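Report on the structure given below.
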Amino acid sequence: MCGFAGFFNTSNLTDHARILECMGLELFNRGPDSFGIWFNSDDRIGLVHRRLAIVDLSAAGHQPMTSDSGRYIISYNGEIYNHQELRDELESIRQYNWRGHSDTETLLAAIEQWGLKITLQKATGMFGIALWDTLNKELYLARDRFGEKPVYYGLHKDAFIFASQLNAFRAYPDFKPEINRDSITLLLRHNYIPAPYSIYSDIHKLLPATILKLDSNNNISLETYWSAKDIMSNASSTETDLPVGKQVEALENTLKKAVALQMSADVPLGAFLSGGVDSSLIVSLMQAQSNKPVKTFSIGFDDPRFNEAVFAKEVAKHLGTEHTELYLTAEDALEVIPKLAEIYDEPFSDSSQIPTFLVSKIARQYVTVSLSGDAGDELFCGYNRYLMTSKVWKRLSVLPVFLRSFLANVFTFVPVNVWNLFGKLLPSRLQLSNLGDKLHKAAAVLACRDVEQLYLGLVSHWQNPEQVVLGSKEPLTVLTDPKRKANFSDPILQMMAQDTLSYLTDDILVKVDRAAMAVSLETRVPFLDHSVLEHAWRLSLDLKLRDGKTKWCLREILYKYVPKDLIERPKMGFAVPLDAWLRGPLKVWADNLLAAERLRQEGFFDAELIDRMWQEHKSGKRNWQYQLWDILMFQSWYEKYHK
């Protein structure tokens with residue numbers, strides 16, 4: 001894994017090498033093994049690369065790299081898993097005198113032979129690419145199909161700047177961007193800022209599976225070379241006559257091939273293991289294809305509500321992996337939190353960012369590459385909300401909207417603490433913890449017009465972020481833009497598609513990439529081999545959700561390797577006891593960032609509203625952990641970079 005940055009069409013800079021070096025230093029953790037810069041004064045184009053050597057550790061893999069003909073120069077972050085297959089195909093066309101066996105050299109040769117678009121369509125991998133065409137004087141940026149690797153870009157004064165992370169932009173002279181208040185509304189709704197937006201008004205994220213072309217006049221054109229939306233829409237109507245057992249077997253073969261491809265590395269390799277279905281299946285398929293114990297890593301908590309480490313340990317013991325586990329405390333979280341703004345380089349508030357960083361940190365002590373089970377939930381119907389939303393909507397939709405609105409008003413008219421008191425008076429078998437919180441949350445979705453609005457409400461932290469962020473207007477996203485969102489008649493398929501297009505790319509993959517890169521660890525996601533997505537969406541929903549069991553087909557494969565009783569338990573997710581931490585060891589830190597006078601002076605948020613919520617949370621009257629964490633992560637980021 002690596003990091004790159006650069007600029008094009010700059011006219012007022014003199015010390016280009018020093019600037020490129022400074023931009024590269026900001027990406028040091030993405031590539032600590034080597035460093036390279038390339039600059040052409042005639043074309044005013046510069047590239048810098050930081051390398052984390054994974055395949056071909058020799059100098060033959062050094063970047064920026066020039067193609068054999070000299071036409072193309074590339075600075076590239078990622079891995080092309082099928083690059084040997086591409087080499088074989090290239091060699092069937094003509095003879096090559098390869099300098100080494102890096103996938104970067106393969107990529108350049110393929111681009112010379114087939115062009116960039118066709119090469120990316122042939123490639124299986126994850127990547128961010130900056131490519132300079134010396135013949136046509138054009139710059140290309142490209143991103144992998146799902147957005148595993150980041151690419152940021154934007155115009156700043158006279159220059160076009162690009163990089164793997166925003167940190168590199170800050171090393172460019174006089175970089176003084178404007179904070180985008182509209183993007184803050186997206187952070188509050190989703191706990192992330194979805195592409196193509198960034199926290200800055202004039203800086204954008206390249207969308208997945210997209211090629212950007214920039215000419216010498218700063219004219220930008222965008223082209224997609226693959227579409228997850230189209231694949232899902234077309235494949236979902238495919239039926240098969242194969243018996244269920246044969247379909248499961250075919251899926252297992254597809255997954256085995258994807259895992260085998262991603263186990264290729266010239267450095268030590270392991271896997272994250274939570275003990276859930278997805279990570280256990282990936283580790284099982286790894287161990288089945290390895291001649292030595294796979295190194296596995298997990299973390300746990302003393303709080304049993306969040307601790308899956310005991311289950312991961314049992315799975316590891318059964319599979320015979322070389323297992324390492326770490327138990328986290330609030331003190332561990334305190335140590336990480338000051339680093340989060342730098343790690344994520346723009347506000348990001350999925351609180352599982354903390355354990356993700358810590359498990360990456362422990363894994364990096366033993367390996368340089370770690371596979372994960374991410375994306376299994378989106379592709380194989382794993383989230384409980386899919387089933388819950390579908391069931392809830394079937395019941396809600398039979399009630400007239402006016403009646404649902406009336407019930408919502410009743411729920412919110414009665415204060416939360418009164419509902420909580422009433423809940424304690426109910427018979428023990430009917431009692432619910434935090435009844436008031438639950439009823440007030442239910443009120444937010446009762447009056448929904450359709451299942452899409454219900455789904456948006458359930459995945460939103462703040463229901464009306466424009467009312468919280470001063471002077472803002474919430475932009476359209478994949479979930480709200482009719483031109484970008486998927487459309488399926490089945491509500492569960494609709495939610496799976498929307499999560500794949502947004503939550504997976506902009507939350508899960510960002511969280512893992514930044515956390516792992518902060519400790520120079522490469523992460524790989526076998527479920528995101530595009531052949532797996534294509535296969536998954538050819539399967540009927542009945543093979544993913546059956547008899548109330550999510551990810552049914554994955555479970556059927558997994559139980560060939562791991563006993564059922566080690567896996568069958570309620571889903572926990574990668575959560576932390578954030579509510580208790582904010583009332584305890586994180587209280588002083590949060591008090592400082594959420595001080596009402598400070599919020600008023602900075603002028604981004606409704607200070608009175610947030611202060612009231614913070615006081616309610618500290619007292620235990622309400623649980624506002626997720627909403628407050630959104631604000632805290634912005635405040636922490638703002639303090640680091642703009643105060």
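Keep in mind the model is a prediction, meaning the values are calculated, not measured.
For the ring-ring contact (aromatic ring centres under 6.0 Å, His included) with F8, the qualifying choice from Y140, W132, F160, F162 is W132, the only one to do so. Among V294, L269, L521, T324, the one residue that satisfies the side-chain contact (heavy atoms from CB on, under 4.5 Å) test with V367 is L521.
Around NZ of K618, the count of heavy atoms belonging to other residues, nucleotides or ligands within 6.0 Å exceeds 12. Dense packing is recorded around CD of Q463, with more than 12 heavy atoms of other residues, nucleotides or ligands lying under 6.0 Å away.
Ring-plane geometry between Y344 and F348 is classed as parallel, the angle between the planes falling under 30 degrees on a 0 to 90 degree scale with a further cut at 60.
Atom CG of L501 and atom CZ of R484 lie 8.5 Å apart (nearest 0.5 Å). For the atom pair CG (N77) and CD (E148), the distance works out to 10.5 Å, reported to the nearest 0.5 Å. Note that CZ of R143 and CD1 of I129 are 12.5 Å apart. Values are rounded to the nearest 0.5 Å.
Remark: R385 engages D499 in a salt bridge, criterion side-chain N to carboxylate O under 4.0 Å. Taking a cutoff of 4.0 Å between a charged side-chain nitrogen and a carboxylate oxygen, R600 and E597 qualify as a salt bridge. One finds no salt bridge joining E26 and R170 here, because no Lys/Arg side-chain nitrogen approaches an Asp/Glu carboxylate oxygen to under 4.0 Å.
Legend: residues meeting salt bridge (charged side-chain N to carboxylate O under 4.0 Å, His left out) with R622, ordered by chain and number and at least two apart, are D437.
Closest approach of S636 and A341 over heavy atoms only: O-CB, 4.0 Å.
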